[in-house]
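To start, the structure under review is shown below, and the notes come after it.
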Amino acid sequence: MTRKRFEPVHLIFMGLGGLVLLFIVAPLLGMLLSTTGGQLAETARDPEVAGSVRLTLLASMGATLIFAVVSVPFAYILARKRFPLKQLVNGIIDLPIVIPHSAAGIALLGIISRGTLIGDLGERVGVRFVGGYAGIMAAMAFVSVPFLINAARDGFAAVPEQLEKAALNLGASPLRVFLTISVPMAWRSILSGSILMWARGMSEFGAVLVVAYHPMITPVLIYERFGAFGLKYARPVAVLFIGVCLAFFVVLRVVAGGRRHAEG
Amino acid sequence: MLKVEGLSKKLGDFAVRDVSFDVGRGDYFVLLGASGVGKTILLETITGITFPDAGRILFDGREITQEPIQNRNIGLVFQDQALFPHMTVRKNIAYGLRSRGAGRGRTYKQTEEIARDLEITSFLERRPGTLSGGEAQRVALARALVTEPKCLLLDEPLSSLDVSARSGMRALLRRLNRSGLTMVHVTHDYEEAIALATRIGVMERGTVVQTGPPDEIFRRPASEFVARFIGIRNFFPGVLIAGGDAEFRFSGLVLSILTDAKEGEGYIIIRSEDVIISLEPSRTSARNVFAGVITDIFPVRLGIEVIVDIGVEIAALVTKESAEGLGLECGKRVWTSIKASAVRFVEA
């Protein structure tokens with residue numbers, strides 16, 4: 001057996017990569033190390049912090065679930081069908097990724113605030129967008145739904161069309177084929193897209209800030225504490241929130257990975 | 001039972017045009033053609049996976065050209081089986097029944113029955129990814145058959161199997177056909193056509209150029225293409241008697257052949273270029289020497305074809321020089337010799 005030796009130039013590439021890794025890890029580690037366990041425990045007991053973490057997790061999860069139901073079938077159409085202006089549609093889906101998120105929040109306000117069709121309609125059925133949960137979810141979804149749609153579309157595109165044809169030939173309706181063949185086979189992509197959307201929604205600041213300063217999601221709370229009390233008070237909240245996000249992220253990844261093995 | 005009239009369809013690089021043929025109830029209809037002539041498109045159009053650009057499809061006298069796929073009840077076994085990889089074999093087989101609203105009890109019973117019939121009971125709980133080619137093909141058949149289709153379409157069902165699995169699958173397909181199932185089988189392999197077909201349709205460049213029973217297709221190819229594509233002029237049904245030296249008995253003749261096949265019914269194929277014509281019974285290594293009378297002689301693309309009646313009509317391909325040198329003509333008495341090793345046996 002010959003050991004693969006690294007070319008000198010590859011060592012340089014790896015050295016450069018190490019700098020980038022350091023750039024990501026060092027600030028996070030620095031923040032973690034300068035926060036004591038006592039501070040963390042105290043922060044965790046702070047009802048304002050706990051409430052905002054719960055709100056952030058649930059709002060993002062709610063936005064992900066609602067938009068998954070609506071946009072996963074659409075992702076299937078994008079993967080399977082040809083139609084006019086399809087490229088334009090794909091471009092529109094990616095739009096939220098490139099526009100500044102505060103601008104996205106301003107744009108969103110324009111259609112959900114009082115006096116607009118959706119805003120008034122929501123008010124009539126008791127859904128409050130501006131300064132309400134619905135508004136937070138809308139802002140989170142606006143900036144994060146492209147991740148779900150793109151992942152689901154790629155997942156569906158990877159399902160062999162032959163299998164869907166076979167299912168139709170066996171007498172299944174198109175809806176049944178979608179639910180029993182396409183979705184289960186694209187499930188990993190849909191799930192990882194959902195995790196990505198959920199994580200992205202949770203970390204959203206700009207768009208939510210514009211639409212709903214209150215109730216306060218954790219990124220807004222961190223910003224407020226920083227502005228009002230300084231770095232020392234903002235840091236423990238940030239560390240706690242990152243920890244919670246990471247924990248959920250890892251658990252979901254493991255669950256998604258476990259499915260992969262089961263499908264073997 | 002299944003009638004295709006003037007069917008045309010273009011799909012990407014492949015196209016079929018003006019295809020017409022007729023499959024009778026209980027027929028084993030083999031569509032024979034080189035790869036890329038549009039055989040798969042034809043099957044997909046018949047099942048309703050795609051719709052034709054022109055033409056009609058009739059099933060039991062009823063037009064089904066625009067009928068949705070799930071209402072047609074024409075089974076299709078895909079070339080690569082298309083088993084659902086995320087389901088067990090049992091769920092694969094049950095899929096069609098459940099899709100048609102069968103209850104759990106009936107689904108279980110029918111799945112078990114078909115599994116027993118096709119000998120796949122032992123791996124019902126496995127995933128398709130763990131099956132061998134022959135096993136997967138039997139599962140694909142079971143999945144199609146359990147919904148009791150009125151007609152079964154097979155896309156190259158033997159091509160993905162190894163030699164040993166192939167003869168078992170052939171026997172299975174024949175048994176299904178004999179039990180009354182109408183079948184349409186697409187292949188590029190003329191041996192499959194010989195072994196299975198009750199009728200053959202030959203496809204060339206996207207259309208069906210000749211249909212008929214096998215002996216008609218092989219003995220009287222309608223075009224130069226068919227003759228060349230089929231590549232054989234002599235094929236005869238009969239019985240193989242195995243033993244020290246294998247013998248093949250047909251039409252009152254006995255032929256020595258080289259084969260390790262099992263005894264039983266089958267066909268032999270002799271290429272016309274392997275039949276030697278002489279004026280005297282020659283002393284050569286050829287084991288099979290028969291006297292006969294020339295009944296026909298005509299030029300073909302390469303050389304001269306001589307038909308000799310030795311009890312059956314056998315075609316020999318000779319050069320123009322040989323034909324002239326030997327003075328071959330209709331009515332002349334000659335000897336034909338065939339090496340045992342030049343006779344190819346195909347089990348039925």
Side-chain angles (χ1 to χ4, degrees), chain A residues 68 72-73 75-77 79-84 86 151-195 252 254-264, chain B residues 11-12 40-41 43-50 67-88 91-102 107 126-130 136 139-155:
Chain A
V72 167
Y76 177 75
I77 297 296
R80 278 284 180 264
K81 303 291 175 193
R82 278 195 253 171
F83 52 84
K86 186 172 171 182
R153 182 187 52 208
D154 295 348
F156 284 127
V159 176
E161 224 171 330
Q162 191 93 309
L163 297 179
E164 291 168 358
K165 291 177 180 176
L168 285 170
N169 177 247
L170 290 168
S173 66
L175 177 63
R176 189 177 162 84
V177 172
F178 175 72
L179 292 175
T180 58
I181 307 294
S182 319
V183 169
M185 292 205 62
W187 181 243
R188 261 180 52 211
S189 298
I190 296 171
L191 194 63
S192 73
S194 301
I195 293 172
L252 281 174
V254 168
V255 170
R259 274 194 158 269
R260 180 185 330 173
H261 283 293
E263 269 172 26
Chain B
L11 202 71
T40 300
I41 299 188
L43 292 190
E44 293 197 345
T45 316
I46 294 170
T47 50
I49 287 171
T50 57
E67 187 92 4
I69 175 172
Q70 61 267 36
N71 299 344
R72 294 197 185 193
N73 207 13
I74 299 176
L76 174 60
V77 175
F78 289 81
Q79 180 165 12
D80 60 0
Q81 289 101 36
L83 298 176
F84 307 132
H86 60 299
M87 299 181 190
T88 59
K91 286 204 170 134
N92 264 278
I93 296 173
Y95 190 85
L97 292 170
R98 300 291 288 165
S99 296
R100 286 154 203 256
T107 303
R126 272 163 57 190
R127 298 269 176 152
T130 66
V139 173
L141 262 178
R143 187 177 70 174
L145 288 172
V146 79
T147 61
E148 292 169 357
K150 288 189 227 152
C151 176
L152 187 65
L153 312 186
L154 304 148
D155 193 355

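Bear in mind the structure is a predicted one, so any value in this text is a computation, not a measurement. Chain naming here is simple, since letters A, B, ... match the order of the sequence lines and numbering starts at 1 in each.
Looking at B:Arg72, there are no atoms closer than 4.5 Å to chain A (heavy atoms on both sides), in backbone or side chain. Contacts between B:Tyr95 and chain A at a heavy-atom distance below 4.5 Å involve backbone atoms as well as side-chain atoms. Contacts between B:Glu44 and chain A at a heavy-atom distance below 4.5 Å involve the side chain alone, from C-beta outward. Heavy-atom distances place the backbone of B:Leu83, and not its side chain, under 4.5 Å from chain A. In this structure, the portions of B:Leu76 lying under 4.5 Å from any heavy atom of chain A include both its backbone and its side chain.
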- Message: Run the side chain to side chain contact (heavy atoms under 4.5 Å, CB included) test on A:Gln162 and B:Ile49 for me, step by step, so that the C-alpha distance in whole Å, both residues' side-chain angles and the decisive distance to 0.1 Å come before the verdict.
- Response: CA-CA 10 Å; A:Gln162 191 93 309; B:Ile49 287 171; over 6 Å; no
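Shortest non-hydrogen contact noted between A:Ile181 and B:Met87 is CD1-CE, 3.8 Å. Here the closest heavy-atom approach between residue A:Met185 and residue B:Pro85 is recorded as CE-CG, 3.3 Å. Here the closest non-hydrogen pair linking A:Arg176 and B:Ser99 is NE-OG, 2.8 Å. Contact between A:Ala172 and B:Gln70 at its shortest, heavy atoms only, is O-CB, 3.7 Å. Considering all non-hydrogen atoms of both residues, A:Leu163 and B:Phe84 come closest at O-CE2, 3.3 Å.
Listed by chain and number, the residues in a side-chain hydrogen bond (donor to acceptor under 3.5 Å, both in side chains) with A:Ser182 are A:Glu164 (sequence neighbours excluded). In terms of the ring-ring contact (aromatic ring centres under 6.0 Å, His included) criterion, residue partners of A:Phe156 (sequence neighbours excluded) are, by chain and number, A:Tyr76, A:Phe178.
Residues A:Lys165 and B:Phe78 are in side-chain contact: their nearest non-hydrogen atoms beyond the backbone lie under 4.5 Å apart.
A:Leu170 contributes atom CG, which lies 7.0 Å from atom CZ of B:Arg100 (distance to the nearest 0.5 angstrom).
Put simply, of B:Ile69, B:Thr47, B:Asn71, B:Thr130, the one with the most heavy-atom pairs under 4.5 Å next to chain A is B:Ile69. If you tally non-hydrogen atom pairs under 4.5 Å between each of B:Val77, B:Val146, B:Leu97, B:Asp80 and chain A, the highest count goes to B:Asp80.
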